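Each chain gets a letter, A, B and so on, in the order its sequence line appears, and its residues count up from 1. Everything numeric in this text was worked out from a predicted model, so none of it was measured.
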Amino acid sequence: MTMRTQQVLHQIETRMQQASLEIEQLHRLQRSIGADVARQDHELDDAWGHLAEVLVPILDVASLDALATRLRLPAVAAQAVIARRQATLSQATTRRVELLADPRLRDAEAIENEVQIRLAELDEAMGPLRTSTSAMESTPYFMELLAHRYGTDEYTMRFWQLGFYTHWKNADLIVAAFGPRSGAVDFKSLAARYVNEKTALDELQRGRSALLARRQQLNLLQRELAEVDASINDVDSVTLQAVRTRVVDHLRPLDEATLVAMFASHDEGLLACKRIIGIGKKKAYLSSLEQEQVKAGLEEMQATSAKLARTRTKLTRSKYFNVPWPDAEVQRLVGPDRRERWGKRRERMGQTRTHIVEFHHYERWNPAADFLWWDVMSDGRLDGNFIPEVRARGPVHQAFVPDVSPTDWRDDRSFDAS
Amino acid sequence: MLSEAQGCAILADVFQARGYTIARDVDFDEDGISFNIDGWDAAARVGFEFRTSEAGDKDDLTVDEWALLAAAIERGELYVFVIDDVTVVDEADLRLYADRFLAEVAVRQAATRARKGSGRHATRGTR
């Protein structure tokens with residue numbers, strides 16, 4: 001059996017379309033994984049916040065001192081926290097007294113009234129001036145004549161230049177349009193009137209800007225007073241938040257082993273740490289999946305597609321027109337239909353991604369046991385060779401047994417919340 | 001919008017209506033000023049010149065030559081109506097402006113004839 005070149009080309013086109021479709025689907029998977037990684041960052045922030053809440057539920061002298069010892073962080077000891085709270089309160093109270101003594105705040109209502117009245121007066125005075133000057137400014141040639149100082153001794157255009165006459169005609173038209181209303185008899189007096197009006201308008205505008213600045217200053221003071229009042233009223237919650245932030249800043253740079261050791265005897269803290277470490281692992285595994293499998297798959301598909309394109313270009317040369325191609329040669333040029341293989345590969349990547357993203361049983365990780373997070377996440381059922389630490393460790397020889405009875409992290413939280 | 005060719009034809013018509021004998025595209029070469037003038041009455045020493053990029057006229061005279069020409073006009077030795085941008089005027093305006101220019105020239109020539117060296121100068125700008 002043989003095939004004509006056109007038929008072979010048709011088969012190549014079909015293969016290229018299949019490859020293109022697969023590339024598109026891999027790109028979609030790649031984007032989804034990228035979004036998953038970004039979501040892990042948010043989850044990680046949330047997990048650190050939760051650890052801080054667990055470690056500092058309230059501002060309590062004994063708890064703070066115990067925490068300072070555990071973390072080796074004197075800044076969160078009760079005495080230091082109380083001192084900071086007192087300093088914050090004292091600073092805010094002092095500022096409040098200063099603000100309340102400010103005459104602008106004392107007379108705020110009167111100032112606002114005065115600003116409103118004066119703004120209204122200015123707007124009323126500026127209205128006709130703005131109308132008049134705008135009308136002149138928007139009249140053709142007016143600004144040009146003004147710039148050339150037409151009608152004055154400084155006018156430089158000469159009688160032998162065309163511009164002299166265009167200016168002459170347009171100056172006459174402008175005087176005819178504005179003269180009767182303004183009482184100006186020539187362009188010079190009209191220009192002088194415009195300059196006077198513009199100067200007055202600019203002066204009024206400066207006055208208006210000064211009033212608005214005064215109002216803005218007052219608003220800033222009022223806002224600051226409200227903020228100071230809030231900081232006095234909320235001093236406890238502000239201090240609590242500051243302590244939590246300090247704790248997280250202290251713990252974030254620590255490595256996994258140090259964190260685990262620090263909370264070995266603190267069940268709730270250890271669980272929160274496991275969640276933090278687990279989310280970090282999820283992020284790393286998702287990145288490995290994208291780099292080692294999806295990206296590699298994409299590169300393979302792009303190479304296949306490029307090879308088919310080269311073959312297509314070759315077969316479109318005139319010397320191949322109507323050449324009979326034996327079946328074996330067609331198979332070599334077109335290649336087998338690999339859609340099923342591609343689909344299965346992509347499905348495996350999708351399953352791996354789902355498995356990682358949907359994992360929430362952080363409590364199942366036992367820092368003391370010789371298991372990787374991947375073993376916990378996959379229950380040993382998924383191939384994790386795309387992850388460097390799994391590849392380095394080699395195959396697992398014993399089935400993974402959870403550290404504690406499985407409890408979904410999210411279920412715990414929703415249970416607590418309820 | 002007028003082209004330079006249309007503008008030249010209109011100006012030649014206006015100048016001739018005022019009694020001038022206008023020759024077109026004349027080589028002018030006097031006192032360090034050398035250029036091809038668009039319209040020129042050699043006897044009356046009155047003409048017109050377009051300074052537009054359309055005919056490459058902007059490069060025809062150097063800056064120094066322009067200064068010399070302007071000074072000669074101001075002294076009343078000759079009168080050239082210079083059109084920098086014909087595209088901003090229509091035919092009626094161009095006729096009006098040329099007519100006003102020629103009226104001014106007539107006044108200046110009469111003044112020069114009457115009293116050499118102390119002629120009146122038009123000061124349209126101070127109207």
Using 0.5 Å steps for rounding, measure from the CG atom of B:L96 to the OG1 atom of A:T166. 11.0 Å

Decide if atom CZ of A:R118 counts as having more than 12 heavy atoms of other residues, nucleotides or ligands within a radius under 6.0 Å. no

Checking B:A70 against chain A: side chain, backbone, both or neither under 4.5 Å from a heavy atom? both

Report yes or no: do A:W160 and B:E104 form a side-chain donor-acceptor pair below 3.5 Å? no

How many angstroms lie between atom CZ of A:F164 and atom OH of B:Y97, to the nearest 0.5 angstrom? 12.0 Å

Report yes or no: is the cationic atom of B:R108 (NZ for Lys, CZ for Arg) under 6.0 Å from the centre of the six-membered ring of A:F159, at an angle within 45° of the ring normal? yes

Which atom names give the shortest non-hydrogen contact between A:L162 and B:D84, and what distance separates them? CB-N, 4.4 Å

With chain B, the option among A:E154, A:H148, A:K169, A:Q161 that has the most non-hydrogen atom pairs under 4.5 Å is A:K169

Take A:Y165 and B:F81 through the test ring pair (Phe, Tyr, Trp, His ring centres under 6.0 Å) and record every step on the way to the result. CA-CA 11 Å; A:Y165 298 96; B:F81 188 31; 5.7 Å; yes

